[in-house]
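What follows is one structure encoded as structure tokens, with my remarks underneath.
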Amino acid sequence: MIINRRHLLMTGAAAVSACATRQPTANISPLVVETAQGRYRGLSENGVMVFRGMRYGESTAGRNRFMPPQAPSAWAGIREAYEFGDQSPQQDTFLAGAETMSDDCLRINVWTPAADTAKRPVMLWFHGGGFEAGAGSINIYDGTNIAKRGDVVVATINHRLNVFGHCHLGDVLGDDFARSGNVGYLDLVAAMNWVRTNISRFGGDPDNIMIYGQSGGGRKVSLCYAGEDAEGLFHKGAIQSGAHIAVQPREMANELTYELLKELQIAPGDAIKLQTLSVAELTAAQLKVRDRMRNRFSPVLDGECFEQHPFYPEAPKRSSHLPLIVGTTRTELTSQLGRRPGIFDMDKAQAMGALKMFLPQEDIKEAFETFQASRPEANPSEVFFTIASARGYVRDQTLLAEARARSGGTGDTYVYRLMWRQPVEGGRRVSQHSLDLPFVFDNVDTVPHITGPETEETRAMVDAMANAWISFAHDGNPNNPSLPEWKPFGLEDRYTMMFDVPSHLESDPHKAEREFMSRYESQQLKGVALHRR
């Protein structure tokens, strides 16, 4: 069976589109694996075993909506695991493809070299799209090449998003719904529990699980490093362009809930009616609330799943012994902001004016001069993107790494910055958000509009990043022959791997930029009653 798909995800405001689905080889044979709940029949494709759309939780429809996930029920016989399962309901413009959206979205996909007893490292991927969009079935996340390259087991999941995963109802419906604002996070926990229970049947090692993700997926990894529910379910992680310092305060979450009820003309005391609405009704209402409130349904400081922010005011002690990779691309926001007319052709005055979105007026001149000095040949638009990305992404990554270093934990933190200039569009996007994905997954062929065609340089980038992630999955250390020595981050040396052709290790790269940004807190703390500059 050949599953032909095209799939588009808007990661933030940036599109990562698959040009074509990787086609299986003509010789396809089925394989049956028995899980704790029942037997699945997968497929042999392109040299790996693939199992798509398996359940790690029951449907979250009806009375299960807004409730913690339930373990899947057992069944007799054999179920086919040939096709990806439904995705969490989300805005239609985020998607294109054959997959449907529904409450029945707690699904997991597995790629493995063999369903044997080899105990391979497990790489469990959390998809991007913030906390409101995305799916584990996107072509660029295909685990075939990494499973073969690294002799690892790769898994991706779907889970609840936006209002379905993060609508805080505890203050209107009581204790039964105390965790409703974080059920999307609890889905991640359920997936990790499923992996721990079942992955040995797929040739994986339940005692060697790496969680990793990019953008919103990196934010989910951050949550798992902080959350008590996730403790002990994984052994290492990678946060790619998604350091998550703080979650939404309960008061702000309640504002969204009351606005949602108002939009749907439901009295707070009757909020249980939200479980009876159609997916379309609830999705449409939450989008109106999001736009009106300029806020999104996202994880909540509910006092249940999270009693304090993930990495504020300090790093979580419970995960300080676990190794971590964390980093960003050089100009993340050339992706999200790149569609604005004229933004790549600004003069200095226009670029400084555009920085009002990110910095106080009185800081803009100093910022421009500081960042221009790091790359004197850069035009004003590139300087703007570098500053905006440093404020929106690099600052939070720095705060997270610093908090980890101060914690005194035994887990090493490996920091990186992706510097390779993508050649498409004359190089004007520099190193955009999501540029790491084709290299980490060894799937350059899926996104030529981002990387250009496969070349010696793209192959070198794949070797550098994919091999580092694979090495890290094996033993918690990313060092391998494709890279110079990658030393852990510390507050004194601030070692950072600069991924490029060739890659190199640098101590405190772009120091003046970092020192300038040190005057600001995390952007995620905006609106929270904390000390600010």
Side-chain angles (χ1 to χ4, degrees), residues 239 241 243 245 311 326-334 337 343-344 346-406 413-421 427-433 435-436 484 486-500 502-526 531-533:
I239 299 172
S241 303
I245 305 298
F311 283 86
V326 59
T328 68
T329 71
R330 177 61 165 155
T331 55
E332 300 273 358
L333 288 169
T334 50
L337 299 179
I343 200 163
F344 288 105
M346 294 187 291
D347 59 27
K348 183 175 181 179
Q350 291 170 323
M352 292 177 70
L355 284 170
K356 293 176 183 177
M357 293 186 293
F358 299 93
L359 301 177
Q361 178 65 48
E362 63 271 19
D363 291 352
I364 290 176
K365 183 176 182 294
E366 181 186 352
F368 203 92
E369 292 173 350
T370 300
F371 280 72
Q372 180 80 76
S374 296
R375 187 170 281 177
E377 73 281 6
N379 63 33
S381 290
E382 183 173 331
V383 176
F384 161 78
F385 282 120
T386 308
I387 295 170
S389 301
R391 182 70 186 103
Y393 285 86
V394 181
R395 179 59 180 147
D396 284 344
Q397 173 253 290
T398 301
L399 287 169
L400 189 150
E402 290 175 341
R404 289 259 304 174
R406 286 194 300 269
T413 302
Y414 295 91
V415 173
Y416 74 88
R417 193 162 299 160
L418 176 49
M419 299 294 293
W420 184 73
R421 183 182 286 265
R428 68 180 187 174
R429 292 185 179 269
V430 193
S431 307
Q432 72 171 55
H433 193 63
L435 181 59
D436 49 325
W486 191 349
K487 299 178 182 178
F489 177 90
L491 292 175
E492 294 298 322
D493 44 57
R494 297 179 176 270
Y495 286 121
T496 302
M497 181 58 66
M498 312 295 273
F499 281 109
D500 206 339
S503 299
H504 67 280
L505 188 72
E506 202 166 321
S507 177
D508 202 3
H510 309 125
K511 179 180 179 180
E513 296 178 7
R514 175 186 63 79
E515 290 176 339
F516 175 88
M517 284 295 164
S518 68
R519 67 187 68 182
Y520 304 117
E521 65 184 9
S522 165
Q523 281 206 319
Q524 295 159 30
L525 295 174
K526 282 186 175 181
H531 173 73
R532 284 197 291 271
R533 179 179 180 271

Test item: Leu355 and Phe384 side chains (from C-beta on) under 4.5 Å apart, heavy atoms:
yes

So, for His433 and Tyr393, is the gap between ring centers shorter than 6.0 Å?
yes

Judged by modelled atom types alone, do Arg404 and Thr413 share a side-chain donor-acceptor pair under 3.5 Å?
yes

Centroid-to-centroid, Tyr495 to Phe489, below 6.0 Å?
no

Locate the shortest heavy-atom distance separating Leu399 from Glu521; write the atom from each residue and the value.
CD1-C, 4.0 Å

For Thr398 and Arg494 the tightest heavy-atom approach is CG2-NH1, 4.1 Å

Over all heavy atoms of both residues, which pair between Leu418 and Ser431 is shortest? Give the atoms and the distance, please.
O-CB, 3.5 Å

So, Ser507 versus Asp493: side-chain donor-acceptor pair below 3.5 Å or not?
no

Atom pair NE2/OG of His510 and Ser374 - distance to nearest 0.5 Å
5.5 Å

Begin with the C-alpha distance, continue with both residues' side-chain angles, and end with the deciding distance and a verdict on side-chain contact (heavy atoms from CB on, under 4.5 Å) for Phe368 and Lys348.
CA-CA 9 Å; Phe368 203 92; Lys348 183 175 181 179; 3.7 Å; yes

Verify, without hydrogens or angle tests, whether Trp420 (side chain) and Met498 (backbone) share a donor-acceptor contact under 3.5 angstrom.
no

Those residues at least two apart in sequence (or on a different chain) that pass ring-ring contact (aromatic ring centres under 6.0 Å, His included) with Phe344 are Phe385

So does Ala378 get a backbone contact from the side chain of Gln372, meaning a donor-acceptor N/O pair under 3.5 Å?
yes

Kindly indicate, with the supporting measurements, whether the criterion salt bridge (charged side-chain N to carboxylate O under 4.0 Å, His left out) is fulfilled by Glu382 and Arg421.
CA-CA 12 Å; Glu382 183 173 331; Arg421 183 182 286 265; 3.0 Å; yes

The reported gap from OG1 in Thr370 to CG in Asp363 (rounded to nearest 0.5 angstrom) is 10.0 Å

Look at the side chain of Ser241 and the backbone N and O of Thr328, then say whether any donor-acceptor pair between them is shorter than 3.5 Å.
no

Euclidean distance, Met352 CE relative to Asp347 CG, rounded to 0.5 Å:
11.0 Å

Does the side chain of Phe358 reach to within under 4.5 Å of the side chain of Ile387, using non-hydrogen atoms?
no

Is the backbone N or O of Leu333 less than 3.5 Å from a side-chain atom of Thr331, with the two atoms forming a donor-acceptor pair by type?
no

Hey, what do you get for OH (Tyr416) to OG1 (Thr329), rounding to the nearest 0.5 Å?
8.0 Å

Would you confirm whether Gln361, through its side chain, and Ile364, through its main-chain N or O, come within 3.5 Å as a donor-acceptor pair?
no

Heavy atoms only: give me the nearest Pro380-Ala351 pair and the separation to one decimal.
O-CB, 3.6 Å

Distance-only, no hydrogens or angles: does the Ser381 side chain make a donor-acceptor pair with backbone N or O of Ile343 under 3.5 Å?
yes

Any donor-acceptor N/O pair, Arg395 side chain to Ala390 backbone, under 3.5 Å
no

Take Asp508 and Arg514 through the salt bridge (charged side-chain N to carboxylate O under 4.0 Å, His left out) test and state the conclusion after the steps.
CA-CA 8 Å; Asp508 202 3; Arg514 175 186 63 79; 2.8 Å; yes

So, Arg429 side chain and Thr334 main chain: donor-acceptor pair closer than 3.5 Å or not?
yes

Is there a donor-acceptor pair closer than 3.5 Å between any side-chain N or O of Glu515 and the backbone N or O of Ala512?
no

Do we get Arg519 above Phe516's six-membered ring, with its NZ or CZ under 6.0 Å from the centre and within 45° of the axis?
yes

For side-chain contact (heavy atoms from CB on, under 4.5 Å), just list the numbers for Met517 and Phe371, CA-CA rounded to whole Å, side-chain angles, deciding distance to a tenth of an Å, and then say yes or no.
CA-CA 11 Å; Met517 284 295 164; Phe371 280 72; 3.9 Å; yes

Which pair of heavy atoms, one from Met497 and one from Ser503, lies closest together, and at what distance?
SD-CB, 4.2 Å

CA sep, side-chain torsions, deciding dist, call: Tyr520, Arg391, side-chain contact (heavy atoms from CB on, under 4.5 Å):
CA-CA 8 Å; Tyr520 304 117; Arg391 182 70 186 103; 3.5 Å; yes

Give the minimum heavy-atom separation between Gln524 and Ala243, together with the two atoms involved.
NE2-O, 3.0 Å

Pair Thr496, Glu506: side-chain N/O donor-acceptor within cut-off below 3.5 Å:
no

Does either side chain, that of Gln523 or that of Asp396, offer a donor lying less than 3.5 Å from an acceptor on the other one?
no

May I ask you to test the Leu359-Lys365 pair for a side-chain heavy-atom distance under 4.5 Å?
no

Using side-chain heavy atoms (C-beta onward) and a distance below 4.5 Å, is Arg375 in contact with Val383?
no

